[in-house]
Novice: 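Next up is a structure, given as structure tokens.
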There are 2 protein chains.
Amino acid sequence: MLTLSTPPAYAASMPSRVAARPRSRAPRKPAGRYHHGDLRNALLQAAVATIDREGVEALTLRGVGETLGVSRTALYRHFRDKTSLLEAVAAQGFRTLRADLTCAWESGGAGIAAFTAMGRAYVRFAVTHPSHYRVMFGAFRPQGTCDDDLKAAGAGAFQALVDALAAQQSAGAIRRDPLQTQAGYVWAVVHGVAMLAIDRQLGPDPSAGNALADYAVEALVTGLEARLL
Amino acid sequence: MLTLSTPPAYAASMPSRVAARPRSRAPRKPAGRYHHGDLRNALLQAAVATIDREGVEALTLRGVGETLGVSRTALYRHFRDKTSLLEAVAAQGFRTLRADLTCAWESGGAGIAAFTAMGRAYVRFAVTHPSHYRVMFGAFRPQGTCDDDLKAAGAGAFQALVDALAAQQSAGAIRRDPLQTQAGYVWAVVHGVAMLAIDRQLGPDPSAGNALADYAVEALVTGLEARLL
DNA sequence: ACCTGAACACCGTTCAAGT
DNA sequence: ACCTGAACACCGTTCAAGT
């Protein structure tokens, strides 16, 4: 476990005294010693940790390199560029989200109550990992470009929702609307609640999202059941 | 003291296109000639234009200065920093959005059809100005900080929604749930549809959001009416 | 194959100085 | 009051060179 040797170089606005400081001339790793572990994965996890703790803006390639005691360009052996690293972070987020959703669905008994639990789990994930969640929904991504792994991970999470809805339709619990459209709608509802909560639009307390999620899921389900009543 | 200046660091690595640009070595304005118009507003509009055309990542203070034929530090006379400029951009977006919503509501006859039109207008705004819309929901903003003007503008847009719902409740057209919660839910639905469309999660065509919006508003209204049937 | 360190072009921000 | 231009510290990325 590496504890990062704290004030890296960030302390801006400090006068010339700093410039005059010794500079701690290059940590100088024992020559010939390379990382040799699974550096790619280590970089990914370090990036996720930084993002969760301090937000995307605080993520610098130099910083993650330093955290792992590795040159700041070593990363380019494993990722095309910073965007590529962020795509990997996003993909991992979608996989974790899918696991959370599936877990809520299955441990909830796969009924309408489980569906509700799934909705809550979705919002909880976002509220618990706001920065990571935001990276998943690429405010940062250069338009359109999106690698296949990320696309697959996103589609996988969406599929968990589609499967649950399909089961509900088969059970006659909700309207038999086109599955993709209906799933898109449900996704939009939980995504909207999550984003508003994260952006503090629901008030200073991000957990306000959990409360709204309860109302939203209830109203949502009511709407999907309506024609059956 | 160590006031941390917000780490900007979007704008990854402009490729060679930019480096290859003429550079137009210091426009050298006729000495003694200053802008003297409403520079603050000119800066704001230039920023909005750049954001709408090329996205937030393409916005640089140097760039907007150059666009207006003004030094790249002139901006600091009118905005505290880049974040402050972006907050002003966001506030203006909320005011335009509010106008769009109110227009849809009123010209729609203030009934349930008008409410539907409002939902569509919301999504249309986002799909038409994706980058601007994203700035409004501060993926970029250093957590929590939010100036009063922006807060007021956001609350104003939300109020348009609250007013419409209050009218519907009074008319007995929808459930009489707590207004703030119900409005938060409706907002979440349209916001979710808008964000998914913008992020191309609904497919490569952003106008897929308009189609989903139709289904969403219908399902939404059905849910809000349900207990009245 | 994997990593380093210097170099490059680009940022936001500060500040003494000009009008 | 408003603006300039040089300077500063920080970036992501490239590349020749090391092991």
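Below, all heavy atoms of this structure are taken into account, side chains as well, without hydrogens, waters or symmetry copies. Naming convention: chains lettered A, B, ... in sequence-line order (proteins, then strands); numbering from 1 in each chain.
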Novice: Rounding to a whole Å, what distance do you find between Phe79(B):CZ and dT13(C):P?
Specialist: 13 Å
Novice: Taking all atoms of both residues into account, what is the closest heavy-atom pair of His78(A) and Arg40(A), and its distance?
Specialist: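 That would be O-NH1, 3.4 Å.
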Novice: For Ala47(A) and Val89(A), which heavy atoms make the closest approach, and how far apart are they?
Specialist: CB-CG2, 4.0 Å
Novice: Counting side-chain heavy atoms from C-beta on, which of dG12(D), dC11(C), dT14(C) comes nearest to Thr60(B)?
Specialist: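 The answer is dC11(C).
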Novice: What is the separation between atom NZ on Lys82(B) and atom P on dC11(D), rounded to the nearest whole Å?
Specialist: 15 Å
Novice: Taking the side chain of Ser71(B) as its heavy atoms from C-beta onward, which of dG5(C), dG5(D), dG12(C) lies nearest to it?
Specialist: dG5(D)
Novice: Can you measure Arg72(B) atom CZ to dC3(D) atom P for me and round it to whole angstrom units?
Specialist: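 Going from Arg72(B) (CZ) to dC3(D) (P), I get 16 Å.
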Novice: Using only heavy-atom distances, decide whether a donor-acceptor pair under 3.5 angstrom links the side-chain of Thr73(A) to the base of dG5(C).
Specialist: yes
Novice: Kindly compute the distance separating CG (Leu44(A)) from CZ (Phe79(A)), expressed to the nearest 0.5 Å.
Specialist: 5.5 Å
Novice: Using a cut-off of less than 4.0 Å, is there contact between a side-chain N or O of His78(B) and OP1 or OP2 of dC3(D)?
Specialist: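 Affirmative; the distance criterion is met.
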Novice: Answer with yes or no whether Arg62(A) presents, from its side chain, a donor or acceptor under 3.5 Å of a partner atom in the base of dG12(D).
Specialist: yes
Novice: Pick the nucleotide of DNA chain D nearest each of Arg77(A) and Leu61(A); which residue has the one closer to the 5' end?
Specialist: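 Nearer the 5' end of the strand: Leu61(A).
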Novice: Tell me which nucleotide among dG12(C), dT4(D), dT13(D) gets nearest to the side chain of Val70(B).
Specialist: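 From the listed options, dT4(D) comes nearest.
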Novice: To the closest 0.5 Å, what do you measure between CG (Asp163(B)) and CD (Gln159(B))?
Specialist: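 The distance works out to 4.5 Å.
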Novice: May I have the distance from Leu68(B) (atom CG) to dT4(D) (atom P), rounded to whole angstrom?
Specialist: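 In whole Å, dT4(D) P and Leu68(B) CG are 11 Å from each other.
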